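Hydrogens, waters and symmetry mates are skipped; everything else that's a heavy atom, side chains included, is used. Everything quoted here is computed from the prediction, not taken from an experiment.
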Amino acid sequence: MSTSAAIYLLSTLGGYVMTSFLLLKYPTLLHQRKKQRFLSKHISHRGGAGENLENTMAAFRHAVNMGTDMLELDCHITKDEQVVVSHDGNLKRSTGVNVNISDLKYCELPPYLGKLEVTFQKGC
């Protein structure tokens with residue numbers, strides 16, 4: 001290997017390493033930092049589960065009327081690929097029936113209990 005080839009190889013490799021280091025340490029040299037478009041001050045977990053029956057339209061409407069910035073909900077898929085809004089993948093807590101949503105067809109889902117245990121303090 002000639003001296004000029006070795007110098008070329010070392011300078012190319014050194015330039016690559018330095019550029020990689022700089023871009024990893026300072027990624028905004030190439031890309032501008034994204035501006036946050038939405039700042040949420042209040043999120044209603046499960047639609048405000050401490051105030052209403054969780055994950056119901058009544059809970060979501062109440063949260064919106066109270067001025068929440070964001071609604072949080074969880075979705076699961078039934079055996080026949082229907083979307084179900086439920087915090088838990090297993091229905092024991094919300095229906096009293098120990099079965100997973102993914103193991104049932106939509107038409108086989110048991111009804112919600114009229115009252116659910118709240119596992120956090122109201123108002124928190």
Side-chain angles (χ1 to χ4, degrees):
M1 182 186 243
S2 70
T3 305
S4 61
I7 291 173
Y8 173 77
L9 180 64
L10 287 175
S11 63
T12 303
L13 185 60
Y16 175 79
V17 169
M18 288 298 293
T19 303
S20 297
F21 174 77
L22 283 172
L23 291 176
L24 283 172
K25 186 144 177 79
Y26 306 103
T28 55
L29 289 174
L30 285 181
H31 305 286
Q32 290 184 356
R33 186 176 301 270
K34 289 185 179 179
K35 293 179 182 157
Q36 190 174 15
R37 294 183 183 167
F38 179 75
L39 179 62
S40 177
K41 293 180 182 176
H42 185 268
I43 299 172
S44 292
H45 184 72
R46 300 183 228 165
E51 299 171 358
N52 287 284
L53 189 57
E54 69 183 47
N55 289 319
T56 60
M57 287 305 296
F60 295 133
R61 280 189 196 103
H62 176 73
V64 169
N65 291 337
M66 296 300 293
T68 193
D69 297 318
M70 184 183 295
L71 299 171
E72 181 276 342
L73 58 93
D74 300 290
C75 296
H76 298 275
I77 304 284
T78 61
K79 192 180 202 176
D80 56 348
E81 299 182 351
Q82 298 297 310
V83 177
V84 175
V85 176
S86 176
H87 178 69
D88 306 316
N90 184 285
L91 295 171
K92 176 72 173 163
R93 185 180 66 86
S94 59
T95 68
V97 179
N98 188 14
V99 64
N100 292 328
I101 293 171
S102 60
D103 294 336
L104 297 175
K105 291 181 181 178
Y106 183 80
C107 63
E108 299 170 331
L109 291 172
Y112 237 43
L113 296 173
K115 196 173 189 179
L116 299 180
E117 177 187 349
V118 177
T119 55
F120 53 87
Q121 303 241 342
K122 189 174 182 176
C124 294

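- Formation of a donor-acceptor pair under 3.5 Å by the D80 side chain with backbone atoms of Y106 is found in this model.
- With hydrogens and angles disregarded, a donor-acceptor distance shorter than 3.5 Å links the side chain of S11 to the backbone of Y8.
- Screening V84, V83, D88 for a side-chain contact (heavy atoms from CB on, under 4.5 Å) involving I101 leaves a single residue, V84.
- Considering CG of N55 and OH of Y112, their distance stands at 5.0 Å, rounded to 0.5 Å.
- Interatomic distance, T28 OG1 to L23 CG, rounded to the nearest 0.5 Å: 10.0 Å.
- The backbone N or O of S44 lies less than 3.5 Å from no partner atom in the side chain of E72, so there is not a single donor-acceptor pair.
- Taken from CZ in R61 to CG in N52, the straight-line distance is 11.0 Å, to the nearest 0.5 Å.
- At least one side-chain heavy atom of N90 sits less than 4.5 Å from a side-chain heavy atom of N98.
- From Y26, atom OH reaches atom CZ of F21 across 7.0 Å, with rounding to the nearest 0.5 Å.
- The OG1 atom of T68 lies 10.0 Å from the NE2 atom of H62; values are rounded to the nearest 0.5 Å.
- Using modelled atom types, one finds no donor on one side chain facing an acceptor on the other under 3.5 Å when comparing H87 with E54.
- Residues L91 and S94 meet the side-chain proximity criterion, which asks for heavy atoms closer than 4.5 Å.
- To the nearest 0.5 Å, atoms CZ (R46) and OG (S86) are separated by 9.0 Å.
- Under 3.5 Å, the side chains of H42 and D69 contain no donor-acceptor pair of N or O atoms.
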